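Nothing here was measured: the structure is a model prediction, and the numbers come from that model.
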Amino acid sequence: MSNIIDVEYEQPVALDVQQAQEALSVCDTRRAWARVPPELTPEEREDTKARIRRLLKEKNAVMVSHYYVHPDLQELAEETGGIVSDSLEMARFGRDHAAETLVVSGVRFMGETAKILSPAKRILMPDLDATCSLDLGCPIDQFSEFCDAHPDRTVVVYANTSAAVKARSDWLVTSSCALDIVRALKDAGQKILWAPDRHLGDYIRRETGADMVMWNGACIVHDEFKAVELQLMKEQHPRAKILVHPESPPAVIALADAVGSTSAILAAAARMDAPAFIVATDTGLLHQLRVRNPGKVFIEAPTAGNGATCKSCAHCPWMAMNSLAGVARALETGSGEVQVDPALGLRARVPIDRMLAFTAGLKQGHAPGSLVAGIGAA
């Protein structure tokens, strides 16, 4: 039987006076919940994995798992020809793979993005109720009002948003390409309206110097990292390097030896010559870090925030809703199928395709400025 966990979820306060003037009170949600499945016995795990392997072949399906979900789901995706990745690579993989059905282990916006890019495919998720505080905190009606209040700005939204919010935007970004895209827009003379993560937006503004107004949202996981506790941990492990996701608060980012997306953190851990790393992102990433770097030690960065029940407990409760049993159930019964209104999907695809074309152009060696279209605001 599943455990129901109440998630304290309250809209964060603005960082400073300027942001207080720019931000709206954007979310009425004060509590959310997550249904965390119980751990399977070793026998149940192997039986369920075998069922999933068989069903994937029968249904012409492939698995896509985010770095933050349970290691079982990461390992099974890799073993069966799928992928474990960040949201940008998930988007590319789902679009390009020949399978008729895509099983997305992650949170709802990831499944929606897969459906937008592959409307003819069947997109299944282990649990459609797995959501995201950034998505919850950016409802389309209030976001549209915010955009209408700044009609001269190019609207750039983070991937962690609903299909409706994406459809209202000019550009979609992930944490792995946000800096490049915003810098290119700034160099083209465009002013930015950014949503929804205020910490990531503030980091991008500091790094690029772009003129940005920002939505007032935050990830409930990364927002809990504490600089004071991180400094104390660093003193306990003086040879360790600090790896930080840019959704974290500015004081935490300031202590980092490397800042970046999940894929950038993985690359930094492999590249940097250090015996140990303190990692400030969802603890789901530690599985890949340890598998890829068996000779190195990875330590969870401290949260210890209000309501925290442990010193380091940075795991998204909605990512934890994904399970082997959920994948098997979805494949067997068709439950958890993602639906996106076709007309909405067509509009939402525009900024997604723009992002994918931009990142593909960068890989081909094109100058960033040549990849920015002369568009107006959404």
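- A salt bridge links R206 with D202: at least one charged nitrogen is closer than 4.0 Å to a carboxylate oxygen.
- Every residue was checked against the side chain to side chain donor-acceptor pair (under 3.5 Å) condition with R347, not counting sequence neighbours, and none meets it.
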Original post:
Can V104 and V338 be said to form a side chain to side chain contact (heavy atoms under 4.5 Å, CB included), step by step?
Top reply: CA-CA 10 Å; V104 179; V338 177; over 6 Å; no
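- One hydrophobic cluster, built from ILVMFWY side chains closer than 4.5 Å, holds both I253 and I299.
- Side chain to side chain, H70 and N322 fail the donor-acceptor criterion of an N or O pair below 3.5 Å.
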Subject >> side chain to side chain contact (heavy atoms under 4.5 Å, CB included) between S175 and H245, intermediate numbers included >> reply: CA-CA 8 Å; S175 52; H245 193 282; 3.4 Å; yes
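- If you take CZ on F109 and CG on N160, they are separated by 3.5 Å, rounding to the nearest 0.5 Å.
- Between L362 and L371, some side-chain heavy-atom pair lies under the 4.5 Å cut-off.
- In this structure, K186 contributes its side chain and I192 its backbone to no donor-acceptor pair below 3.5 Å.
- With hydrogens and angles ignored, the 3.5 Å screen pairs no side-chain donor or acceptor of K241 with any backbone N or O of P275.
- In this structure, the side chains of I220 and P317 come closer than 4.5 Å at one or more pairs of heavy atoms.
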Subject >> Stepwise salt bridge (Lys or Arg N to Asp or Glu O under 4.0 Å) check, E337 with R122 >> reply: CA-CA 7 Å; E337 183 169 0; R122 193 181 201 191; 3.4 Å; yes
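- Judged by distance alone, the side chain of E224 and the main-chain N or O of T303 form no donor-acceptor pair under 3.5 Å.
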**OP:** Decide side chain to side chain contact (heavy atoms under 4.5 Å, CB included) for V244 and Y203; before the verdict, give the C-alpha distance in whole Å, the side-chain angles of both, and the deciding distance to 0.1 Å.
**Re:** CA-CA 12 Å; V244 175; Y203 170 72; over 6 Å; no
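- When side chains are defined from C-beta on, V64 does not count as touching V103, because their heavy atoms never get closer than 4.5 Å.
- Counting heavy atoms from C-beta on, the side chains of T359 and L88 come closer than 4.5 Å.
- Transitive grouping of hydrophobic side chains (ILVMFWY, heavy atoms separated by less than 4.5 Å) brings V297 and M233 into a common cluster.
- You'll find the side chain of K121 stays beyond 4.5 Å of the side chain of T101, heavy atoms only.
- A distance of 9.0 Å separates CD1 of I52 from CD of E332, quoted to the nearest 0.5 Å.
- Contact annotation: the side chain of V291 never approaches that of Q74 to less than 4.5 Å [non-hydrogen atoms, C-beta and beyond].
- Separation of atoms CG (L346) and CG (D341) is listed at 9.0 Å; rounding is to 0.5 Å.
- The nearest pair of heavy atoms linking F298 to A269 is CE2-CB, 3.8 Å.
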Original post:
Given V62 and F93, is the side chain to side chain contact (heavy atoms under 4.5 Å, CB included) satisfied, shown in steps?
Top reply: CA-CA 10 Å; V62 69; F93 186 89; 4.0 Å; yes
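- A salt bridge between D211 and R205 is absent, with no side-chain N of the basic residue lying under 4.0 Å from a carboxylate O of the acidic one.
- No donor-acceptor distance shorter than 3.5 angstrom exists from the side chain of T161 to the backbone of K166, with no hydrogens or angles considered.
- Annotation: side chain of M272 is in contact with side chain of F277 (closest heavy-atom distance under 4.5 Å).
- Between F146 and H150, the ring centre distance stays below 6.0 Å.
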**OP:** For salt bridge (Lys or Arg N to Asp or Glu O under 4.0 Å), just list the numbers for R92 and D96, CA-CA rounded to whole Å, side-chain angles, deciding distance to a tenth of an Å, and then say yes or no.
**Re:** CA-CA 6 Å; R92 289 194 183 107; D96 298 338; over 6 Å; no
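- Comment: R35 engages D129 in a salt bridge, judged by a side-chain N to carboxylate O separation of less than 4.0 angstrom.
- In summary, the side chains of Q190 and T154 do present a donor paired with an acceptor at a separation below 3.5 Å, with no hydrogens or angles considered.
- D257 places a side-chain N or O within donor-acceptor distance of the main-chain N or O of I242, the cut-off being under 3.5 Å.
- Without hydrogens or angle criteria, D170 side chain to V155 main chain gives a donor-acceptor distance under 3.5 Å.
- Under the 4.5 Å side-chain criterion, counting only non-hydrogen atoms from C-beta, V252 is not in contact with H199.
- With rounding to the nearest 0.5 Å, the separation of CD1 in I265 from OG in S176 is 11.5 Å.
- The CZ atom of R349 sits 9.5 Å away from the CD1 atom of I116 when rounded to the nearest 0.5 Å.
- Counting all heavy atoms, side chain and backbone alike, A367 lies closest to S370 at O-OG, 2.6 Å.
- A donor-acceptor pair under 3.5 Å links the side-chain atoms of E44 to the main chain of T41, judged by distance alone.
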**OP:** Go through the steps to decide whether K191 and D152 satisfy the test salt bridge (Lys or Arg N to Asp or Glu O under 4.0 Å), and finish with yes or no.
**Re:** CA-CA 8 Å; K191 298 187 294 183; D152 60 330; 2.6 Å; yes
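- The two residues H66 and M319 make their nearest non-hydrogen contact at ND1-CE, 3.7 Å.
- Using a 30° and 60° split on the angle between ring planes, H222 and Y68 fall in the tilted class, from 30° to 60°.
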**OP:** Take R95 and D353 through the test salt bridge (Lys or Arg N to Asp or Glu O under 4.0 Å) and record every step on the way to the result.
**Re:** CA-CA 11 Å; R95 178 196 61 184; D353 281 344; 5.2 Å; no
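- Remark: side-chain polar atoms of S118 are not paired, donor with acceptor, to backbone N or O of A120 under 3.5 angstrom.
- The backbone N or O of L40 sits nowhere less than 3.5 Å from a side-chain atom of R45 that would complete a donor-acceptor pair.
- Taking hydrophobic clusters as Ile, Leu, Val, Met, Phe, Trp and Tyr residues chained together by side-chain heavy-atom distances below 4.5 Å, L344 does not share a cluster with V350.
- Listed here is the closest heavy atom pair of A149 and P151: C-CD, 3.4 Å.
- Nearest approach of S263 to Y67, heavy atoms of both residues: N-CE1, 4.3 Å.
- For the atom pair Y158 OH and S169 OG, the distance stands at 14.5 Å (nearest 0.5 Å).
- Residue D197 comes nearest to C219 through the heavy atom pair OD2-N, 3.4 Å, listed as atom of the first residue, atom of the second, then distance.
- Without hydrogens or angle criteria, N293 side chain to K296 main chain gives no donor-acceptor distance under 3.5 Å.
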